[in-house]
Amino acid sequence: MLTGLSIALGTALVVIVLVVYGVVAESFRDAAQGYHLILGAKGGKLQLTLNTVFHLSQPIENIPYSFYKEFTEYKDADGRPTRGKYASAVEVAVPYCMGDSYQEFRVVGTTPDLFNKLSYGTLPDGTPKFYEFSAGKNFTADDFRGAVIGAVAAKKTDLQVGDHFPITHGLAEDEDAHVHEEDAFHVVGILRPTGTPNDRAVFVNMEGFYLIADHAKPVEAEDDKAEGPHATQLIQLREAKDSLQQLLERDTLSAEASTEIERIDGLLRTILEKLSPSKAEVKKSQSAGRSPDDVAGSADGETAGAIAPLPENQREVTSVLLLLKNDVFSQILHNKINEGSVAQAVYPSREVAKLFEGIVGHVQTILLILAILVIVVAGVGVMVSMYNSMSDRSREIGIMRALGAARVTVMSIVLFEAILLAVLGGVAGVCLGHGTIGAFAPVITANTGVMINFWEWAPAIYLGGWSVSPELVLIPSLLLLAVVVGYLPAVVAYRTDVSRALSHSP
Amino acid sequence: MLLLKDIQKSFIEPDGTTLPILGIEEFCVARGEQMVLVGRSGSGKTTRLHVIAGISRPDQGVVEIAGRDITQLSEAGRDRFRAEKIGYVFQTFNLLPAFSALENVLLGMTFTRKAANVARARELLDRVGLGQRLTHRPAALSVGEQQRVAVARALANNPQILLADEPTANIDTGHQQQIVDLIRETCREEEVALVMVTHTPEVCSQFDRVDELAEINRVAQRVK
């Protein structure tokens with residue numbers, strides 16, 4: 001009984017390891033599906049993947065917004081539809097702006113296309129899985145303060161549709177992190193669980209993300225000269241000021257001229273402020289603004305009564321998810337981008353596979369070895385227990401032999417007992433393993449986003465061209481173990497001397 | 001029906017010496033005959049039964065049952081022969097405790113080449129007075145009832161000879177006669193030869209043939 005229980009426990013452990021590994025592996029794969037490439041700053045491929053796909057690791061450098069635009073269709077400064085250099089190859093380009101957090105969850109500034117046009121993972125029949133909402137809906141492009149919350153993040157933070165929440169600049173664990181109380185977002189949708197890391201993230205409209213204090217890229221004075229419809233006049237004013245300054249320094253102007261120079265300087269500052277909408281202006285209005293394409297290049301401050309988007313020269317993106325029109329483009333773009341100096345492109349699925357094989361795979365192997373050792377030890381326990389019981393059962397064996405049972409028959413009976421013990425223990429272990437998974441499923445899903453349930457079978461492996469679940473391999477393996485451990489007691493039964501066995505008192 | 005001829009059987013002692021147990025010139029039992037073997041402990045009564053049953057193989061000699069010399073059979077052949085032709089009732093009943101009365105009788109049938117006959121098992125238990133206790137396990141049966149199950153089991157395969165090794169030794173005096181009567185009656189009904197080992201003079205006195213094993217290697221036959 002106890003030996004059967006130890007086999008059941010060992011089997012349960014193997015089942016739990018196999019199923020959890022399988023589900024986590026599937027979750028890893030799903031997380032990196034739905035798009036071909038990730039664009040990001042030059043540097044570590046793994047860090048870019050960890051940041052973008054898993055919302056982990058330290059934030060990475062940004063890439064210019066103008067580079068992201070090369071993968072999209074947009075309107076130029078004059079409002080004419082323009083196609084980026086690589087746009088013809090791209091089905092969808094979804095930008096990610098990262099670096100902020102809400103409680104322990106990363107905040108991602110992005111566009112509605114993430115949930116409208118990208119999928120995650122595939123169903124068993126091969127069809128892609130699209131994001132669904134358990135409450136509310138996706139945010140719209142013109143709802144700058146709209147946010148969508150991942151299932152786990154929503155549960156942990158208690159955020160509901162309609163709630164307002166501020167985000168923290170920097171990650172929660174950073175020392176210099178601070179909360180932007182004044183820049184609250186409102187929840188418009190909560191995602192259904194996807195089993196991907198996106199369950200543990202908060203997605204906000206990228207436009208709103210840009211408008212948060214400190215999120216605008218610092219702009220060099222030279223940049224101001226070159227942009228906007230009044231650039232020429234600005235340059236002329238600056239030149240006039242510089243010229244007056246020089247004259248003053250050479251003492252060719254009276255002291256009153258310095259007052260004039262300060263007046264010009266003040267005028268310049270006023271004009272510059274008008275050209276670049278400040279955060280103060282942005283905060284005045286909480287109503288919807290225009291889409292980024294509508295306002296592209298129109299940083300002239302003509303946005304009275306609406307939130308004005310951040311000018312493009314102050315924007316950056318952390319990474320871009322690229323869904324391409326076909327697989328061939330992914331190879332071409334991958335090479336082309338990596339040859340340039342602006343950004344790198346990585347295949348997320350490859351990086352995830354490498355990460356999985358490199359870390360999770362080893363952990364699974366170690367756990368599996370431990371679990372198999374538990375079963376083997378239980379098997380040895382069965383052998384010792386049965387072997388010891390043989391002396392007690394010698395009379396029973398003698399009776400059967402006296403009734404006409406052949407040596408092979410009693411040997412088979414003992415072997416059958418070992419097999420029965422192993423199979424029953426194994427079946428009980430499979431049930432126990434699934435029961436444990438089922439019992440802890442809500443906790444696991446709530447804490448990790450990994451979707452798991454009682455009926456979850458370990459994903460199939462390929463054996464000799466057949467696709468089988470490792471759990472189905474488990475029972476034949478236990479049979480083999482039973483034959484091995486039952487052999488010694490069976491031999492004892494085989495060798496039992498009937499006369500001697502019958503002469504023992506009962 | 002049963003013939004033992006020129007049988008020699010000895011055991012090797014732990015010190016390496018040979019201890020003769022059996023030395024039988026000739027021993028015959030006819031079909032349907034009922035006889036008892038008596039003798040002191042160590043006179044080789046049980047060994048003789050084991051040799052007849054094919055459990056032990058004699059060092060030499062012939063053990064012929066229904067015209068077949070079982071010493072010429074392989075061990076597996078002797079096992080099968082024993083299952084089909086020989087019934088065995090033990091002093092200590094030797095029922096399997098985990099099995100019911102019916103299952104114990106059926107167990108005796110499973111080692112033959114024929115399928116277990118449940119109807120025959122029920123009929124036998126009914127005949128020994130246990131028709132209402134088929135599903136009881138040995139622990140729930142009295143000592144006498146256990147021996148009745150053992151008798152039913154021994155007769156389950158329609159044997160040609162029934163070997164009973166002190167079947168009444170563990171039964172109180174009041175029930176001994178019932179068991180003896182049961183064994184003799186059922187053997188008579190089934191035309192089964194009976195070789196019974198006993199120490200009880202009352203039992204011996206009921207048989208026409210009593211073979212007394214006076215001492216090792218010598219058989220004295222006394223016919224009443």
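The structure presented is a predicted model; accordingly, all values stated were derived computationally and were not measured. So that the names make sense, note that chain A is the first sequence line, chain B the second, and so on, each numbered from 1.
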Atom pair CZ/CG of Arg393(A) and Leu96(B) - distance to nearest 0.5 Å: 10.0 Å
Exceeds 12 heavy-atom contacts within 6.0 angstrom, atom CZ of Phe11(B): yes
Enclosure of Arg127(B) CZ (heavy-atom neighbours >12, cutoff 6.0 Å): yes
With a 4.5 angstrom heavy-atom cut-off, which part of [X] approaches chain A: side chain, backbone, both or neither?
X: Gln91(B); answer: neither
X: Phe90(B); answer: side chain
X: Arg153(B); answer: side chain

side-chain contact (heavy atoms from CB on, under 4.5 Å) partner of Leu502(A), chosen from Thr92(B), Asn94(B), Thr46(B): Asn94(B)
Residue among Phe81(B), Phe93(B), Phe111(B), Tyr88(B) with most heavy-atom pairs under 4.5 Å to chain A: Phe111(B)
Leading residue by heavy atom contact count with chain A [cutoff under 4.5 Å; candidates Glu75(B), Glu84(B), Arg78(B)]: Glu75(B)
Closest heavy-atom pair and its distance - Arg82(B), Gly404(A): NE-N, 4.0 Å
Trace of the side-chain contact (heavy atoms from CB on, under 4.5 Å) decision for Arg401(A) with Ile55(B): CA-CA 8 Å; Arg401(A) 292 291 320 280; Ile55(B) 292 170; over 6 Å; no
